[in-house]
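Single-structure report; data block below.
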Amino acid sequence: MIALIDANAFFCSVEKVFHPGLDGKPVCVTGSNDGIIVALTPEAKAVGLHRGDPVFKVRDIVEHNNVTIFSTNMYLYAAMSRRINSILRSCVQRVDQYSIDEAFTYLDGYEKYYNIEEYMRDVVNKIKLWTDVPVSVGIAQSKTLAKMSSKFAKNYKGYNGVCMIDTEAKRRKALELFNLSDVWGIGRQTFQKLNYYGIHSALELADKKESWIRSHFNKAMVQTWMELNGIPCIDTSEVKQKQTICTSRSFGDMVTELDSLKSSVASFAASCANKLRGQDSVSGSITVFICSNNFRTDLEQYSNGSTYTFLTPTSDTIEITKAAMSLLEAIYRIGIHYKKAGVILGDICTALPIQQNLFDEIKNRPQRRKLMSVVDNINQRYGLKSLCLGVEGLEKQSWHVKSDHRSGNYLSDINEILTIKI
DNA sequence: TCTGGGGTCCTAGGACCC
DNA sequence: TCTGGGGTCCTAGGACCC
């Protein structure tokens with residue numbers, strides 16, 4: 001059997017850990033620029049808020065119902081995620097972390113010694129006791145069924161945090177009750193297509209003939225179909241190395257000047273390069289893109305991107321930033337109000353062994369690599385951007401992202417640890 | 001005034017080969 | 001009148017995930 005451990009309204013739950021008194025109250029976490037709602041508690045859903053709502057459109061609901069708003073604080077959530085994961089790993093042999101708030105575990109063999117439902121309930125309680133974050137567990141023969149089952153565990157108190165689908169009757173019952181559009185792997189397009197073919201429940205989908213699925217859909221759907229029928233076929237084992245690395249932001253205020261754009265794109269490039277070195281990789285190509293605000297129909301729209309291929313794959317911030325600057329200059333158009341820009345590194349491969357290039361213009365690569373590792377060490381010790389390229393700019397820039405309700409880095413910064421007065 | 005960010009995988013179609 | 005057959009590789013874009 002496979003178990004999925006899923007934190008309930010994870011970002012909100014973490015905020016609640018450090019802001020007592022919010023239990024039972026509506027809480028939301030907003031995305032970058034405090035633009036949209038990215039996470040919300042059931043209480044916030046109950047007053048009419050949804051994931052994805054632009055904050056400015058729901059301001060009335062927020063004020064009327066005293067909804068507490070937090071800006072995303074990924075450092076804090078990642079730190080909490082690590083804690084939960086380590087508890088999990090101390091309880092179960094094999095854990096695949098799937099996202100910041102979800103992990104799959106494999107329980108084969110555990111049934112010989114434990115009642116696995118009770119065993120996982122103990123894990124749920126332990127995580128709650130040690131971190132104060134509520135999690136739900138779904139147990140089933142496949143990951144798609146386990147995911148489904150975890151939603152039942154989350155939505156019905158009677159399960160006490162753990163729902164197990166271990167008989168054919170339970171599987172059919174669950175499929176019958178479950179929202180088709182909530183099935184893992186079925187997005188908006190596929191949902192509509194299924195409706196078009198007269199399929200409206202997960203059970204109807206699972207009961208179709210395999211040949212029919214194969215002739216009307218793609219490989220992904222065949223997998224989903226098999227998983228719904230209890231045949232596991234989705235692999236989530238860890239990806240060692242990212243194939244693309246992207247840093248992009250919407251700006252707090254729109255940007256028109258090339259210099260401001262340069263400062264933003266330079267800092268995105270530096271961030272990408274930093275992530276790249278973090279996984280001991282080099283990148284063979286870089287893309288820079290910029291775009292205007294397509295919600296503003298009154299302004300001229302323009303968006304463009306351009307890609308450069310490195311002669312020698314690199315993770316050097318100076319080299320990557322230089323390339324980013326020329327790409328930006330090539331696509332920049334005067335008179336546009338830019339809302340967003342980004343840098344994508346592609347063709348990523350391991351840093352060693354290095355494929356040398358006869359025509360490489362950088363002759364001192366070993367020294368440059370040492371320089372980068374010094375920069376990384378300093379920034380790790382004294383904080384991001386303690387040391388950066390001048391083109392990134394020193395003062396706070398107009399493109400700077402808004403985040404007015406961010407809580408402290410209680411778990412990762414010694415200066416921001418909570419003080420408790422007794 | 002104001003509408004997120006970062007990924008993966010699959011597929012169709014183009015360009016090319018003999 | 002009539003315009004092949006069988007491949008490979010690459011890429012852009014779509015769909016999905018959190």
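Letters go in sequence order (proteins before strands), and every chain restarts at 1.
When distances are taken from the side chain of A:Gln189 to each of C:dC16, B:dC2, B:dC10, the shortest belongs to C:dC16. Checking B:dG5, C:dC17, B:dT3 against every side-chain atom of A:Arg249, the shortest atom distance belongs to B:dG5. The side chain of A:Asn218 sits closest to B:dT11 out of B:dG5, B:dG7, B:dT11. Each of B:dG4, C:dA15, C:dC17 was ranked by its minimum atom distance to the side chain of A:Val38; first place goes to B:dG4.
Ring geometry for A:Tyr156 against A:Phe152 counts as parallel: the plane angle stays under 30°, on a 0 to 90° scale with 60° as the upper cut. Between A:Tyr77 and A:Phe10, the ring-plane angle classifies as perpendicular under the 30° and 60° cut-offs.
What separates CG of A:Asn293 from C1' of B:dG4 is a distance of 13 Å, to the nearest Å. For A:Met221 and C:dG14, the CE to C1' distance is 15 Å, given to the nearest whole Å. The nearest whole Å value for the distance from the CG atom in A:Asp235 to the P atom in B:dC9 is 10 Å. Taking atom CD1 on A:Ile5 and atom P on C:dC18, their separation rounds to 15 Å, with Å as the unit. When rounded to the nearest whole Å, the span between CG of A:Leu345 and P of B:dT8 equals 12 Å. To the nearest angstrom, P of B:dT1 lies 14 Å from CG of A:Asp253. When rounded to the nearest whole Å, the span between CD1 of A:Ile245 and P of B:dG5 equals 18 Å. The separation between A:Gln243 atom CD and C:dT11 atom P is 14 Å, rounded to whole Å.
Partner assigned to C:dG7 is B:dC16, using Watson-Crick or G-U wobble distances below 3.5 angstrom.
Nucleic acid contact for A:Ile100: none, since no nucleic acid atom lies under 4.0 Å from a heavy atom of the residue. Among the heavy atoms of the strands, none lies under 4.0 Å from A:Asp34. A:Asp53 comes within 4.0 angstrom of nothing in the nucleic acid, heavy atoms only. Using a 4.0 Å heavy-atom criterion, one finds that A:Thr190 contacts the sugar-phosphate atoms exclusively. If you check every strand for non-hydrogen atoms under 4.0 Å, A:Lys242 touches sugar and phosphate atoms only. As judged by a 4.0 angstrom heavy-atom cut-off over every strand, A:Thr30 is placed among residues making no nucleic acid contact. Within 4.0 Å (heavy atoms only), A:Arg296 reaches sugar-phosphate atoms of the nucleic acid but no base atom. When heavy atoms are screened at a 4.0 angstrom cut-off, A:Val183 is found touching the sugar-phosphate backbone but no base atom. Using a 4.0 Å heavy-atom cutoff across all strands shown, A:Lys193 reaches no nucleic acid atom at all.
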Which is it for A:Thr350 and A:Gln241 under the side-chain hydrogen bond (donor to acceptor under 3.5 Å, both in side chains) test, yes or no, and what are the steps along the way?
CA-CA 8 Å; A:Thr350 50; A:Gln241 214 183 50; 4.9 Å; no
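Regarding contacts with the backbone of B:dC9, every side-chain N or O of A:Gln223 stays at 4.0 angstrom or more from both OP1 and OP2. Under 4.0 angstrom from either OP1 or OP2 of B:dT3 there lies no side-chain N or O belonging to A:Asn33. Residue A:Thr247 places no side-chain N or O under 4.0 Å from the OP1 or OP2 atom of B:dG5. OP1 or OP2 of B:dT3 has not a single side-chain nitrogen or oxygen of A:Lys340 nearer than 4.0 Å. For A:Thr244, no side-chain nitrogen or oxygen approaches OP1 or OP2 of B:dG6 to under 4.0 Å. Within the 4.0 Å cut-off from OP1 or OP2 of C:dC18, at least one side-chain nitrogen or oxygen of A:Lys147 is found.
Between A:Lys57 and A:Asp53 there is no salt bridge, since no side-chain N of the basic residue sits under 4.0 Å from a carboxylate O of the acidic one.
A:Arg296 is not listed as a side-chain neighbour of A:Lys339, based on a closest heavy-atom distance of 4.5 Å or more.
Judged by a 6.0 Å distance limit and a 45° cone about the ring axis, A:Lys143 is positioned over the six-membered ring of A:Phe104.
In the model, A:Arg381 has no side-chain atom that pairs as donor or acceptor with a side-chain atom of A:Ser386 under 3.5 Å.
Mapping A:Ser248 and A:Val55 onto DNA chain B by nearest heavy atom places A:Val55 closer to the 5' end of the strand. For A:Lys402 and A:Ser250, each mapped to the nucleotide of DNA chain B holding its nearest heavy atom, the one lying further toward the 5' end belongs to A:Lys402.
With centres under 5.5 Å and a plane angle under 30°, the ring of A:Phe295 is stacked against the base of B:dT3.
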